[in-house]
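Presented below is the structure to which this report refers.
These numbers come from a predicted model, not from an experiment.
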Amino acid sequence: MRRNLERLANEEFDLLLIGGGITGACIARDAAMRGLKVALIEKKDFANATSAHNSKLIHGGLRYLRNLELGLVRESLRERRTWQRIAPHLVQPLPFLIPMFGGGIKERASLTAGLTLYDVLSYDRTWLDDPDQRLPRHRWLNKSEAIAREPILDQKNFQGAFQYYDAQMFSPERLALENVLDANAHGAAVANYVEATGLMFRNGRVEGAKVRAAFGGDAFDIRAKFTIITAGPWADIFLSQALGKPSSHKLLRSKGIHLIVPPITREMALTIAANGGHFFVLPWRRHSLLGTTDTKFIGLPDAVSVTGGDIRGFLSFIDSYLPGANLKPTMVEHFYAGLRPLVDDGTGDTYDASRRAELVDHGKDDGIDGLFSAIGGKWTTSRDLAEKVTDVIVNRRGAKTSRCTTAVTPLPGGRIERFRMFADEQRRQYPGISSIEYLSRLYGACLPAMLSTHADTASMAPVGVNGDIAIQIDYALKEEMAVALEDVIMRRTGIGQLGRPTTATLEQTAAIMGAELGWNEDRKKNEIASLDRNFSLVSE
């Protein structure tokens with residue numbers, strides 16, 4: 001699959017989506033599957049920002065019960081099960097412990113009530129064919145039971161822990177990508193590295209966008225009956241520039257940083273209540289993922305970054321609640337920052353702000369027909385948001401289409417009955433690949449096709465230390481629209497997911513890509529230099 005710029009420039013579409021994160025990807029898939037003519041563009045790479053830089057959780061939002069957002073929690077829990085069903089290779093159950101340190105009877109009773117309600121709202125959590133995907137109800141572990149599970153909890157005032165379940169993404173980047181790939185398979189014209197520079201107006205109506213392709217591409221127009229801004233934390237900024245006036249709907253941007261350190265738990269995630277908020281310790285790829293901070297962000301979204309002070313402050317905060325981890329800045333192997341685009345409710349509070357999504361009709365709010373914005377929301381509910389958005393477009397378009405089937409149609413890699421049986425079969429089929437289970441997680445049902453691209457020994461050679469092999473690079477270029485070195489290192493594979501690869505690994509990857517894309521030595525060096533911003537702290 002390559003960027004089809006000719007289609008984008010020469011056809012008229014029912015729907016143009018500006019922004020290729022998970023929201024745009026899900027809408028593109030849904031609309032294309034219903035028979036709409038869809039275009040999706042992204043100014044950088046798919047899922048390169050908010051959709052990648054998160055806690056990697058598919059969850060119901062237990063803490064939203066505090067705000068009595070029962071509808072949002074139920075929606076999230078239903079969608080959690082949907083992701084488990086349509087992408088079993090990339091979404092799997094994750095057990096959590098909520099430890100209690102010196103809390104009284106009232107606190108324990110409150111948690112019991114909340115978790116019981118969480119169980120009730122997730123009444124369908126066992127309605128899955130794969131028994132490995134079914135989630136048990138919550139239960140209480142006494143002090144000795146909890147410490148036996150996670151020794152790090154053996155500290156002063158520890159009383160025991162509640163165990164409950166949510167789900168975790170093995171790779172949010174690839175989960176978003178599979179939605180893009182499926183949209184493309186159903187006829188959508190999709191392209192990364194195509195930036196919208198403005199909107200096209202005629203008689204008070206938006207009829208598409210003016211765009212510019214990166215890497216020496218030309219400027220051209222994309223014509224569409226309806227245009228939806230799905231640009232995450234950039235949405236209101238883009239709209240204000242395109243409309244020449246402030247957008248009618250503002251976003252509140254919340255910065256969250258995450259740190260990857262050596263494993264500090266055995267197998268369970270921890271949800272630690274802390275100073276009116278919480279943080280997670282999440283097992284992920286044989287490491288611990290620490291997240292997340294929640295601070296209001298003022299500035300341009302492109303400037304979001306991690307500083308040394310961010311890391312020191314977050315580690316100090318965690319240490320005050322979990323001293324047994326004995327965390328130090330030198331233990332941090334990787335870090336990243338993301339922005340949550342929240343619907344601004346006027347309070348300025350990012351932690352308690354609702355994670356609800358909203359579809360803005362700018363015909364009603366700004367007097368400009370044909371233009372919509374999908375803002376707010378959370379990863380877990382992105383498919384459901386896409387269904388609701390597509391319903392609106394279908395109704396406005398006035399033509400009959402097929403009904404939404406994205407909740408029951410597996411993604412390309414999800415076309416397997418049970419992941420464990422699938423992974424066992426791959427081990428029998430490819431006994432010479434030591435990282436076959438890891439690759440089964442990344443590609444699911446697409447793995448055999450990826451591995452059959454080449455059969456020579458060189459293509460099976462390891463790249464980096466995380467389990468990736470050389471054939472993935474060629475596959476990413478030819479089948480997954482990878483254009484830049486960063487696309488391959490950070491999103492198509494796991495080469496850079498746990499920290500900066502060695503220079504030799506980067507040069508090896510750049511050489512493989514360069515041979516296919518015609519890069520000279522200067523281009524290879526520039527690609528490596530550009531990639532390094534993912535691993536660099538910003539000065540304070």
Side-chain angles (χ1 to χ4, degrees), residues 4-5 7-43 179-180 182-184 186-191 194-211 220-232 234-236 238-244 247-249 341 357-377 382-404 406:
N4 196 329
L5 303 184
R7 276 195 66 194
L8 291 172
N10 293 298
E11 297 181 15
E12 183 178 9
F13 298 90
D14 294 316
L15 177 61
L16 167 62
L17 295 154
I18 298 175
I22 187 57
T23 299
C26 283
I27 298 173
R29 180 189 185 226
D30 192 335
M33 287 177 66
R34 295 202 218 182
L36 297 184
K37 195 171 182 181
V38 179
L40 169 68
I41 59 171
E42 162 59 44
K43 71 174 184 177
N179 280 274
V180 174
D182 212 25
N184 177 78
H186 284 88
V190 301
V194 174
E195 180 178 6
T197 58
L199 297 173
M200 296 167 56
F201 299 91
R202 180 184 294 179
N203 300 325
R205 182 179 179 86
V206 169
E207 295 188 340
K210 297 180 179 297
V211 306
F220 57 93
D221 297 338
I222 302 177
R223 293 166 294 147
K225 296 180 177 69
F226 298 96
T227 299
I228 304 181
I229 310 304
T230 54
W234 287 266
D236 58 344
F238 172 80
L239 279 167
S240 294
Q241 293 172 343
L243 300 178
S247 171
S248 57
H249 286 68
E358 185 174 332
L359 178 64
V360 180
D361 181 347
H362 293 283
K364 296 178 180 178
D365 293 22
D366 295 293
I368 301 173
D369 289 333
L371 179 65
F372 297 82
S373 296
I375 60 175
S382 52
R383 189 219 61 86
D384 183 74
L385 171 62
E387 180 176 347
K388 294 171 181 174
V389 168
T390 307
D391 285 345
V392 171
I393 298 301
V394 166
N395 289 335
R396 290 294 183 88
R397 181 172 172 267
K400 187 176 180 180
T401 66
S402 57
R403 64 182 182 85
C404 176
T406 56

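Counting only distance, with no hydrogens or angles, the side chain of D366 and the backbone of I368 share no donor-acceptor pair below 3.5 Å. Checked by atom type and distance alone, the side chain of T197 pairs as donor or acceptor with a backbone atom of K210 at under 3.5 Å. A donor-acceptor contact shorter than 3.5 Å links the side chain of N395 to the backbone of D391. T230 places a side-chain N or O within donor-acceptor distance of the main-chain N or O of G19, the cut-off being under 3.5 Å. Judged by distance alone, with hydrogens and angles left aside, the side-chain atoms of R205 form no donor-acceptor pair with the main-chain N or O of L371 at under 3.5 Å.
Between D361 and V392, the closest side-chain pair of non-hydrogen atoms is not below 4.5 Å.
For the atom pair L16 CG and E207 CD, the distance stands at 12.5 Å (nearest 0.5 Å). The NZ atom of K225 sits 8.0 Å away from the NZ atom of K37 when rounded to the nearest 0.5 Å. Expressed to the nearest 0.5 Å, how far OG1 of T401 lies from CG of D30 amounts to 9.0 Å. One distance of note links CG of L5 with CG of N10; it measures 10.5 Å at 0.5 Å rounding. Atom CG of L385 sits about 5.5 Å away from atom CD1 of I27, to the nearest 0.5 Å. A distance of 6.5 Å separates OG1 in T227 from CD1 in I229, rounded to the nearest 0.5 Å.
Residues A196 and F238 share a closest heavy-atom pair of O-CE1, 3.5 Å. Residue A191 comes nearest to L8 through the heavy atom pair CB-CD1, 3.7 Å, listed as atom of the first residue, atom of the second, then distance. Nearest heavy atoms, S382 versus I22: OG-CG1, 3.2 Å. The minimum heavy-atom distance between L40 and A28, with the atom names listed, is CD2-CB, 4.0 Å. When every heavy atom of F201 is checked against every heavy atom of V206, the shortest pair comes out as CE2-CG2, 3.6 Å. In plain terms, the two heavy atoms of L359 and F372 that are nearest each other are CD1-CB, 3.9 Å.
In this structure, the salt bridge (charged side-chain N to carboxylate O under 4.0 Å, His left out) partners of D236, at least two apart in sequence or on a different chain, are R253. Partners of T390 under the side-chain hydrogen bond (donor to acceptor under 3.5 Å, both in side chains) rule, at least two apart in sequence or in another chain, do not exist in this structure.
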Discussion item. Walk me through whether L239 and H362 qualify under side chain to side chain contact (heavy atoms under 4.5 Å, CB included).
Written reply: CA-CA 10 Å; L239 279 167; H362 293 283; 3.5 Å; yes
Worksheet item: Should F220 and V211 be marked as a side chain to side chain contact (heavy atoms under 4.5 Å, CB included) after you check the CA-CA gap, both sets of side-chain angles, and the distance that decides it?
Response: CA-CA 6 Å; F220 57 93; V211 306; 3.4 Å; yes
Worksheet item: So D182 and T406, side chain to side chain contact (heavy atoms under 4.5 Å, CB included) or not? Walk me through it.
Response: CA-CA 10 Å; D182 212 25; T406 56; over 6 Å; no
Discussion item. Assess the residue pair E11 and N4 against the criterion (side chain to side chain contact (heavy atoms under 4.5 Å, CB included)); give the C-alpha distance rounded to whole Å, side-chain angles, the decisive distance to 0.1 Å, and a yes or no.
Written reply: CA-CA 11 Å; E11 297 181 15; N4 196 329; over 6 Å; no
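Under a 4.0 Å N-O distance rule, the pair R34/D14 does not qualify as a salt bridge.
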